[in-house]
Amino acid sequence: MGVKIAVIGGANVDMVAAAPRLPKPGETVIGTNFTIACGGKGANQAVAAARLGASVSFIGRVGDDMFGEMLERSLCEAGVDTTFLKRDSSSHTGVAQIYVAQGGENCIIVVLGANGRVSAQDVEGAEERIRCSDCLVLQLEVPEEAVTKALEIANRCGVRVVFNSAPAQDFALRLLSMCDVVTLNESEAMQMTGFAIGDLNDAMKAAIALREMGTKAVVLTIGEQGAIIADENDVEHIPAFKVNSIDATAAGDAFTAALAVKLCEGASLREAVLFANAAGALATTKLGAQPSLPYRSEVEGLISGAQR
Ligand code: RIB
């Protein structure tokens with residue numbers, strides 16, 4: 001059995017439209033491809049960690065509808081334990097509208113639905129599961145009170161916390177000191193620090209500034225350039241793996257999950273980021289969120305191929 005990971009977060013059904021480029025406000029662009037896929041940052045991270053060999057529990061809510069069923073099935077097929085996934089008849093399942101441009105860049109609107117009803121009580125109900133986990137993984141597609149409660153439980157029980165500060169939310173700053181590792185992308189880092197990030201040097205400064213806000217380590221993903229680690233010892237750039245990217249959706253989720261799995265297996269932060277860079281890169285090579293999340297053998301294959 002692999003390392004034990006509890007994931008609290010959002011589950012969405014994604015409507016994905018690919019086009020040569022993203023539309024400007026007020027513009028209509030003719031697309032090239034459309035797919036409906038399971039997504040949501042929390043559910044993606046749970047599925048990704050399971051495909052990488054972890055034993056995963058997911059805590060969240062979906063609606064009592066067709067999309068909720070689809071998401072539950074996808075989690076179960078990946079081997080994720082859904083004991084703490086509630087079917088909520090007072091709201092609809094979360095949905096995301098995703099536009100993907102040629103080359104993989106995307107933009108997303110999420111309508112939270114049932115994700116917005118995940119409560120501190122839901123998290124308390126899963127306290128024992130969190131306590132017995134090697135790591136708690138969370139993001140910000142569920143309410144602040146649920147995230148805070150989960151962090152309180154993890155901190156009290158000495159459970160490692162990997163926090164993906166996405167999507168950007170003002171309250172995230174208050175949570176940093178309760179986390180062991182914070183992952184985020186450039187746009188989230190810009191919103192949290194107020195820094196403009198134009199190059200590698202700016203990204204390093206933003207990572208250092210975020211770490212100084214109170215967390216032990218920050219891992220800032222910088223797309224095709226890889227990731228930056230800032231911890232109490234150092235700041236370091238770990239380059240990306242070269243792949244043919246067609247859709248960046250869920251690359252950050254694959255990255256966060258891989259980082260959490262590898263850290264729990266005893267790797268150093270640097271080794272874990274290398275593994276996570278490979279998982280993130282592979283997730284960009286297919287359209288859609290959960291369909292693109294790689295299996296362990298694929299991640300290890302990419303790493304050993306690059307070392308040869
Ligand atoms: O991180 C990618 C995810 O963000 C998508 O699957 C979408 O549902 C949104 O939550």
Side-chain angles (χ1 to χ4, degrees), residues 7-18 22 34-51 58-63 65 67-68 70-75 78 80 85 91-101 104-118 137-143 146-147 162-169 172 182-189 191 219-221 223 227 245-260 276 279-294:
V7 180
I8 296 177
N12 302 319
V13 167
D14 297 345
M15 315 281 155
V16 187
L22 300 177
F34 174 75
T35 184
I36 297 179
C38 288
K41 296 184 192 302
N44 293 344
Q45 291 174 22
V47 168
R51 288 187 186 165
F58 180 71
I59 299 145
R61 289 193 189 209
V62 290
D65 49 31
F67 284 171
M70 222 173 117
L71 284 158
E72 187 166 3
R73 200 176 324 120
S74 179
L75 286 161
V80 174
L85 173 67
S91 191
H92 61 85
T93 296
V95 284
Q97 298 285 337
I98 304 185
Y99 300 143
V100 183
E105 190 189 14
N106 69 13
C107 59
I108 305 179
I109 294 178
V110 175
V111 182
L112 292 179
N115 297 310
R117 292 172 47 81
V118 176
V137 173
L138 18 75
Q139 335 68 34
L140 298 173
E141 280 181 343
V142 294
V147 175
V162 173
F163 171 52
N164 177 217
S165 189
Q169 300 264 22
V182 175
T183 63
L184 74 180
N185 67 20
E186 287 164 284
S187 105
E188 289 141 7
Q191 288 187 58
V219 182
L220 172 54
T221 56
S245 297
I246 62 159
D247 177 9
T249 309
D253 299 328
F255 183 97
T256 295
L259 185 80
L282 286 167
T284 71
T285 62
K286 291 182 192 150
L287 192 64
Q290 288 177 27
S292 75
L293 299 169

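Quick note: residue numbers are just sequence positions, from 1. For ligands, and for the atoms within them, numbers begin at 1 and follow the listed sequence.
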*Distance filter under 4.0 Å to Ala289 heavy atoms, resulting ligand 1 atoms*: 6 (O)
*asked:* Quick check for you: to the nearest 0.5 Å, what is the distance between Asp14 atom CG and Leu71 atom CG?
replied: 8.5 Å
*Among Asn12, Leu287, Thr249, the one residue meeting side chain to side chain contact (heavy atoms under 4.5 Å, CB included) with Ile98*: Thr249
*Is the shortest distance from a heavy atom of Gly40 to ligand 1 less than 4.0 Å?*
yes
*Which atoms from ligand 1 have a heavy atom of Ala96 less than 4.0 Å away?*
7 (C), 8 (O)
*asked:* Could you tell me, atom by atom, which parts of ligand 1 come under 4.0 Å of a heavy atom of Val110?
replied: 9 (C), 10 (O)
_Can you report which non-hydrogen protein atom sits closest to atom 6 (O) of ligand 1, along with the distance?_
Asp14 OD2, 2.6 Å
*Looking at side-chain heavy atoms only, is the closest gap between Thr284 and Ser292 below 4.5 Å?*
no
*Output yes when a side-chain donor or acceptor of Thr93 lies under 3.5 Å from a complementary backbone atom of Gly63, and no otherwise.*
yes
*Hey, does Lys41 come in under 3.5 Å of ligand 1, counting only N/O atoms on both sides?*
yes
*Atom CD in Gln139, atom CG in Leu184: separation rounded to 0.5 Å?*
13.0 Å
*What's the shortest heavy-atom distance between Thr183 and Thr256, and which atoms?*
OG1-OG1, 2.9 Å
*Looking at Ala250, which atoms of ligand 1 are within less than 4.0 Å of one of its heavy atoms?*
2 (C)
_N or O contact, Gly39 vs ligand 1, cut-off under 3.5 Å_ = no
*asked:* Could you identify the single nearest non-hydrogen protein atom to atom 3 (C) of ligand 1 and state the distance to 0.1 Å?
replied: Asn44 ND2, 3.7 Å
*Measure the spacing between NZ of Lys41 and CG of Asn164 and express it to the nearest 0.5 Å.*
7.0 Å
_Nearest non-hydrogen protein atom, atom 10 (O) of ligand 1_ = Glu141 OE2, 2.4 Å
*Around atom 2 (C) of ligand 1, find the nearest protein heavy atom and jot down its residue, atom name and distance.*
Asp253 OD2, 3.3 Å
*Look at ligand 1 and say whether Gly10 reaches it with a heavy atom at a distance under 4.0 Å.*
no
_Donor-acceptor pair, side chain of Asn44 and main chain of Ala254, under 3.5 angstrom_ = no
